[in-house]
A.B. asks: 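Got a structure for you, questions after.
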There are 2 protein chains.
Amino acid sequence: MPVPPGKQPTQQEIATDLGISVAAVSLALSGKPGVSDQVRATVLEKATALGYRRNASAVALRTRRSNVLGLLIRNLRNPFFLDLIDGFDEACAKAGYEVMVGSSRYDQEREQKLLDTFADRGLDGLAVAPIGRGRAVGAWAAATERPVVVLNAPRRRAGRLAMSVSPDGPAAVQLAVEHLRGLGHQRIAMVAAPAEKSPDPERLELFLDLAAEERFTASVIEAELDLNTTREAVCRALGDAPGRRPTAFITNSDYLAHAVYLAAADHGLRIPEDVSVVGHDDLPTSAILNPPLTTLRVDRHRLGAEAAGLLIDAVEGREPPSLELTIPVSLEVRGSTASA
Amino acid sequence: MPVPPGKQPTQQEIATDLGISVAAVSLALSGKPGVSDQVRATVLEKATALGYRRNASAVALRTRRSNVLGLLIRNLRNPFFLDLIDGFDEACAKAGYEVMVGSSRYDQEREQKLLDTFADRGLDGLAVAPIGRGRAVGAWAAATERPVVVLNAPRRRAGRLAMSVSPDGPAAVQLAVEHLRGLGHQRIAMVAAPAEKSPDPERLELFLDLAAEERFTASVIEAELDLNTTREAVCRALGDAPGRRPTAFITNSDYLAHAVYLAAADHGLRIPEDVSVVGHDDLPTSAILNPPLTTLRVDRHRLGAEAAGLLIDAVEGREPPSLELTIPVSLEVRGSTASA
DNA sequence: TTGTAAGCGTTATCAC
DNA sequence: GTGATAACGCTTACAA
């Protein structure tokens with residue numbers, strides 16, 4: 001271990017040790033032209049011998065680049081975000097960036113506060129799964145003039161700096177509805193966040209449009225998107241008379257589909273005999289639930305990785321391949337859906 | 001929005017605007033004594049008027065404190081870590097710290113590299129779920145002289161700077177074995193990481209000790225701790241003749257218990273009729289698996305929060321309540337275990 | 001190619 | 001209480 005216990009060596013130290021200037025050392029260490037191979041070699045050697053490590057704060061202060069990307073999630077308890085974080089982290093690691101995460105916990109104020117601290121820290125870019133339509137995001141982009149990618153929601157602001165990557169929402173709704181209609185369901189409910197907190201009201205709109213077109217009865221279960229509140233809301237819906245309550249539920253995540261399982265159990269109703277459920281995400285556990293969950297599969301890892309990719313391209317001045325990336329979804333039919 | 005689009009205002013700007021010194025501004029803004037209430041008030045007012053935001057890099061450079069804590073996970077795909085991250089993040093947020101995460105992906109080299117960059121960034125403390133017995137952790141503590149808490153593994157190094165928080169491992173093993181023995185199982189297998197990658201060989205040792213004491217046949221399924229490798233390893237074990245293969249499996253996570261479910265299905269074996277499984281963690285999904293998983297419940301959120309708490313205490317010079325925190329576990333008996 | 005020096009924005013140590 | 005002023009460690013003109 002070359003690292004001495006005490007304080008860290010600086011470029012200054014290397015320079016005086018070698019009898020050269022700090023400028024030379026800086027150039028040599030950062031691999032930039034301007035020094036002889038001779039000097040470069042000795043500097044590099046000395047640096048490793050001394051266990052030199054570049055002070056990231058100093059670099060950030062001087063260059064206004066932190067080599068850190070932010071990831072702001074609204075609900076860290078939804079396993080959906082795990083693979084997303086993993087993909088994001090992996091892509092960042094490959095490109096030499098660090099990741100700073102935060103969870104807004106569905107709290108607007110907290111979201112804004114996190115955005116601010118992220119900006120203070122000089123993060124080079126931000127990926128955010130916003131609460132609602134993401135007003136905060138605009139503020140960030142404007143204030144920092146740094147790239148931002150919105151996750152799971154269409155991008156709001158125009159410009160090169162605002163991007164988005166999301167699963168194909170319209171396809172998801174359509175596939176779910178088609179599937180349930182094919183099974184003969186007439187009363188279908190969609191679980192959705194209250195309008196002001198929903199990142200993509202488009203899904204709900206499309207759902208209602210389809211109901212009008214295809215003449216089935218659509219209902220909306222409005223709930224904060226955590227397990228307990230949703231469970232209660234679904235419970236209330238299932239409390240209706242058998243001839244009136246929904247026979248099928250569509251959720252925007254497998255995570256919330258769990259709430260339907262729990263609510264059904266609360267009422268002594270069986271899935272899929274009494275209620276059908278379609279999820280979204282295809283979590284690793286969804287195939288081994290009781291019953292296995294019919295859901296829309298989406299590559300979460302890729303979603304995170306693409307988000308990081310877009311940011312890194314933008315940060316490094318490359319033209320991102322597209323400002324709006326859509327990740328395909330596919331229907332995975334399992335045991336949680338049956339004929340009405 | 002007070003923030004002007006262009007560049008950020010600095011303390012210097014506030015100072016000249018007000019015709020006072022930067023020192024006064026600094027003191028006023030950081031709430032330290034040394035300025036009159038008069039001056040303090042005007043500074044604060046001016047600051048908000050200008051939309052002043054403190055530059056975190058500059059502070060970090062000057063004070064050698066970043067107000068960031070690191071969280072280094074070995075496998076971000078295990079949902080266990082989600083709630084842990086959430087708890088960690090929440091505790092940090094409350095105390096005004098940011099969180100930087102990284103995943104080592106079970107790669108020693110990557111772990112070391114992340115540790116290094118974390119150190120370079122001047123993180124104030126580190127929580128790490130290490131690969132193996134955590135050699136890297138010692139290097140970090142020694143090099144940075146900053147606190148570290150090991151997650152899910154006993155702490156290795158002595159000293160005020162090395163701490164640990166983990167579920168009660170011995171209790172977990174004992175409860176699982178007792179339960180299975182009570183059901184009459186004679187051949188029990190434990191799924192464990194290869195010795196050099198295992199953070200807590202103690203569990204395995206205790207398991208083997210119990211086998212010797214209680215005279216049951218113990219086998220060890222050694223596998224890298226990802227879903228596929230584990231599934232294959234369990235598959236091989238289940239390939240033995242019915243009279244020889246294990247009738248019950250103990251895993252150190254519900255995540256890996258899923259692999260047993262999948263492997264059993266591969267062999268056309270039923271849980272719990274043909275094989276019993278005991279998990280560990282009690283993930284939100286575990287109760288609604290098919291069949292519901294018998295498991296050891298542990299408060300993951302608290303685990304993360306306690307880890308952050310210990311670090312923050314240490315960073316801020318308070319004496320942590322204990323250097324080694326054990327989180328209790330309790331057996332949750334469900335449908336995945338039955339008599340042999 | 002090399003060295004000198006001026007910052008980046010903040011905190012801390014002095015004098016006054 | 002207040003104001004100069006010197007760091008913190010690094011990058012980057014610019015001069016030699």
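These figures come from a predicted structure and were not determined experimentally. Just so it is clear: chains get the letters A, B, ... in the order the sequence lines come, proteins before strands, and each one is counted from 1.
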A.B. asks: Quick one: does B:Asp124's side chain have a donor or acceptor within less than 3.5 Å of a partner on B:Asn67's backbone?
C.D. replies: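 The answer is yes, because a donor-acceptor pair under 3.5 Å joins these two groups.
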A.B. asks: Output yes when a side-chain donor or acceptor of A:Thr144 lies under 3.5 Å from a complementary backbone atom of A:Trp140, and no otherwise.
C.D. replies: yes
A.B. asks: When you measure from the side chain of B:Arg40 to the backbone N and O of B:Lys32, does any donor-acceptor pair fall under 3.5 Å?
C.D. replies: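 Indeed, once roles are kept as given, a pair shorter than 3.5 Å links the two residues.
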A.B. asks: Going 5' to 3' along DNA chain D, which nucleotides are the first and last within contact of chain B (any atom under 4.0 Å from a heavy atom)?
C.D. replies: D:dG1 to D:dG9
A.B. asks: Take the C1' atoms of the five end pairs on each side of the helix from C:dT1-D:dA16 to C:dC16-D:dG1, get both axes, and report the angle to 10 degrees.
C.D. replies: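 Computed angle between terminal axes is 40°.
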A.B. asks: Could you tell me whether the side chain of A:Asp226 reaches within less than 4.5 Å of the side chain of A:Tyr106, counting heavy atoms only?
C.D. replies: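 Of all side-chain heavy-atom pairs linking A:Asp226 with A:Tyr106, none is under 4.5 Å.
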A.B. asks: If a protein heavy atom is under 4.0 Å from the base, mark B; if only from the sugar-phosphate, S; if neither, -; do that for nucleotides 8-16 of chain C going 5' to 3'.
C.D. replies: BBBBB----
A.B. asks: Of the residues in residues 37-47 of chain B, which ones touch DNA chain C at a heavy-atom distance under 4.0 Å?
C.D. replies: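 Nothing qualifies; none.
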A.B. asks: Okay, side chain of B:Arg110, backbone of B:Ser103: is any donor-acceptor separation there less than 3.5 Å?
C.D. replies: yes
A.B. asks: How about B:Arg77 and A:Asp83: do any of their side-chain heavy atoms sit closer than 4.5 Å?
C.D. replies: yes
A.B. asks: For A:Asp200, enumerate each residue passing the side chain to side chain donor-acceptor pair (under 3.5 Å) test, keeping only those at least two apart in sequence or located in another chain.
C.D. replies: A:Arg203
A.B. asks: Between A:Asp313 and A:Glu319 (side chain of the first, backbone of the second, donor and acceptor by atom type, cut-off under 3.5 Å), is there such a pair?
C.D. replies: no
A.B. asks: Under the rule for side chain to side chain donor-acceptor pair (under 3.5 Å), what residues qualify as partners of B:Glu306, not counting sequence neighbours?
C.D. replies: B:Arg302
A.B. asks: Is atom CD of B:Glu196 surrounded by more than 12 heavy atoms (other residues, nucleotides or ligands) closer than 6.0 Å?
C.D. replies: yes
A.B. asks: Using a strict threshold of under 4.0 Å (side-chain N to carboxylate O), is an ion pair present between B:Glu109 and B:Lys113?
C.D. replies: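 Answer for the salt bridge query: no.
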A.B. asks: Is a donor on one side and an acceptor on the other found under 3.5 Å between the side chain of A:Arg74 and the backbone of A:Ile131?
C.D. replies: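 No, because the side chain of A:Arg74 does not come within donor-acceptor range (under 3.5 Å) of the backbone of A:Ile131.
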